[in-house]
Amino acid sequence: DIISTVEFNHSGELLATGDKGGRVVIFQQEQENKTQTHSRGEYNVYSTFQSHEPEFDYLKSLEIEEKINKIRWLPQKNAAQFLLSTNDKTIKLWKISERDKRPEGYNLKEEDGRYRDPTTVTTLRVPVFRPMDLMVEASPRRIFANAHTYHINSISINSDYETYLSADDLRINLWHLEITDRSFNIVDIKPANMEELTEVITAAEFHPNSCNTFVYSSSKGTIRLCDMRASALCDRHSKLFEEPEDPSNRSFFSEIISSISDVKFSHSGRYMMTRDYLSVKIWDLNMENRPVETYQVHEYLRSKLCSLYENDCIFDKFECCWNGSDSVVMTGSYNNFFRMFDRNTKRDITLEASRENNKPRTVLKPRKVCASGKRKKDEISVDSLDFNKKILHTAWHPKENIIAVATTNNLYIFQDKVN
Amino acid sequence: MEAQKEAQRIMTMSVWKMYHSRMQRGGLRLHRSLQLSLVMRSARELYLSSKVETEETELSFAAAPLNLPQPMTAAEAGAEVDSPQAIEEAIPAPEPMETQDARETEPAPACSHLPPVTFATLPQLSMKANRKRRSCTLGQGRDAGLIPSKKARLEEETVPAEGKAEVEAGDLGRRPSQVEEGPFPSLARVLQKRFSGILNNTGGPPKPTAPPSCELKPGCRQADNMINILVRTVVAF
């Protein structure tokens, strides 16, 4: 099915994917083989479960899609793993636990579970745990529903590990992980008259270290940082990050390509990254008037915006991610290309996730798109890009150089070459 | 001219996309609707500005009176498909009627039938797609301006679009004398008023009263009472 979200857990051992059919598939990294120190463990399927089902809103006569929009892992506190998954309307907290022992030797039950006739019981024994094949169980522990009128686009767990936020097009709600029957509305940008609506919320995230701080991005290309200490309703931002538009780039579609599709804090908390249709921008939280770095992802598409509007590609929402040390950022593009930008060396690379062109264990060859003029060997011209093959979701292992890249139907996991 | 065509093409495309987005699973996407309306608005502004530039050339066209031109259907097509819902989708009355006081001119390629869509009523539409249109039950105060009511509305922007437009163009001679009853009475009334004005050489339609929301929209040309175009940006849920 079509993958709609990808997320590593805090240790990087587990990788969760959500798809359009409401399923979550979790991969687990194999333990490193002591004898083969030159390769890290591979990821194999660990658990699969149906997180969300299609629902019907009878009041509005609307179907609620089961597509998983976001998955976020909770930090591990005990043997079990917890994650939040959300579709357009409902957030669920799932517990994923392992069972590798089972009790045997009951007095009143046979091994297959049938009850024994009590009159046949002549001796008593103490049941004992015996090993069994590993079973991974996923069970929904909390369901957070009925708090969003519009479609949920983001969830983000607070650094206090007790609360989290969920954001839809016009509102952001704050939840406590233990409490499902109420949430606090902390941002509301719905105008009194809907006809005056000019922007919507596109993404939101808590600061990785400051539990009072969060940001949300808008369809107008602005990012607002809010401090929950300032007031209960954070309608007034503490900081507004906005770069003035370059008038030479103004076009029909300027407004919609400036819409931010993803915002991610760096692990350090000093920077945040935003993705709009054509570029990735790194902002220093201390400077609001412009980003400190801008990387063009596929500038050659700027002259093709009309065609991209026609085929709806201009509405694609690309995500972006940081590596563990915040030195490299990554994002997807078309033709199953994905791009990485090294912030220190200022070098960038384009790679392709495809089975035809790459056999397992081969080193990925850098790709190049030829924008105009004579196409060199091995270059691909803009017109031959396949816009149906898009990489919207990518994730980077928090500690190692292992990346997960989702094409439409497939998940690719790459790691850097270990000498 | 090219810019005008391009703008019209984009507007048509946008209407189609808006229509199709309503059919999607999961319901109308607010962000998508907003983006489509932004493009629509940009296209409309470009269209109007290039239209003004070429206006002189259009004036020289001799026209069969009141013939709703071909290009309209393209723009209308998107709205047309909507027909049950199309009532609330707005199409301005033919531009020539608006720009010439007493002239009968063929609008010809200058079909400025921008198909503004009144978003405010879209979600209601999706619910009531198969129901009879009720003129008053759908309306909050703000929606009242969008829904053609049984009362005659002067130059309200929200003239309903319908596939019969071309047929009606042919019937326009009869129109003044007969009030069209049926699903789209308001279109008939507006057309009647406009065309009878032209035919009677009264100087065209009276100055429209701009609905309140017009004041809020910078793109709305209140001063230009000849062009009654309204673009609402937003879907209300």
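Letters go in sequence order (proteins before strands), and every chain restarts at 1.
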Heavy-atom distances under 4.5 Å only: say whether [X] touches chain B with side chain, backbone, both or neither.
| X | value |
| --- | --- |
| A:E310 | both |
| A:E255 | side chain |
| A:I314 | neither |
| A:K317 | side chain |
| A:S254 | neither |
| A:D168 | neither |

Closest contact, heavy atoms only, [X] versus [Y]:
| X | Y | value |
| --- | --- | --- |
| B:S14 | A:Y309 | OG-OH, 2.7 Å |
| B:R25 | A:P54 | NH2-CB, 3.6 Å |
| B:G27 | A:H151 | O-CE1, 4.4 Å |

Could you tell me which of A:E55, A:E66, A:E63, A:E199 has the largest number of non-hydrogen atom pairs under 4.5 Å with chain B?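 Among the listed options, the one with the most contacts to chain B is A:E63.
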
Working to the nearest 0.5 angstrom, can you tell me the gap between [X] [atom1] and [Y] [atom2]?
| X | Y | atom1 | atom2 | value |
| --- | --- | --- | --- | --- |
| A:F253 | B:Q35 | CZ | CD | 11.5 Å |
| A:L62 | B:R22 | CG | CZ | 12.0 Å |
| A:E65 | B:Q24 | CD | CD | 7.5 Å |
| A:K60 | B:L28 | NZ | CG | 11.0 Å |
| B:S37 | A:E195 | OG | CD | 11.5 Å |
| B:L36 | A:I256 | CG | CD1 | 7.5 Å |

Side-chain heavy atoms of A:D312 within contact of B:R32, under 4.5 Å: yes

Heavy atoms from other residues, nucleotides or ligands near [atom1] of [X] exceed 12 (cutoff 6.0 Å):
| X | atom1 | value |
| --- | --- | --- |
| A:F387 | CZ | yes |
| A:Y58 | OH | no |
| A:N146 | CG | no |

Full working for side-chain contact (heavy atoms from CB on, under 4.5 Å) between A:D169 and B:L34: CA-CA 11 Å; A:D169 292 320; B:L34 186 63; over 6 Å; no

Would you call A:D88 and B:R29 a salt bridge, using N to O less than 4.0 angstrom? yes

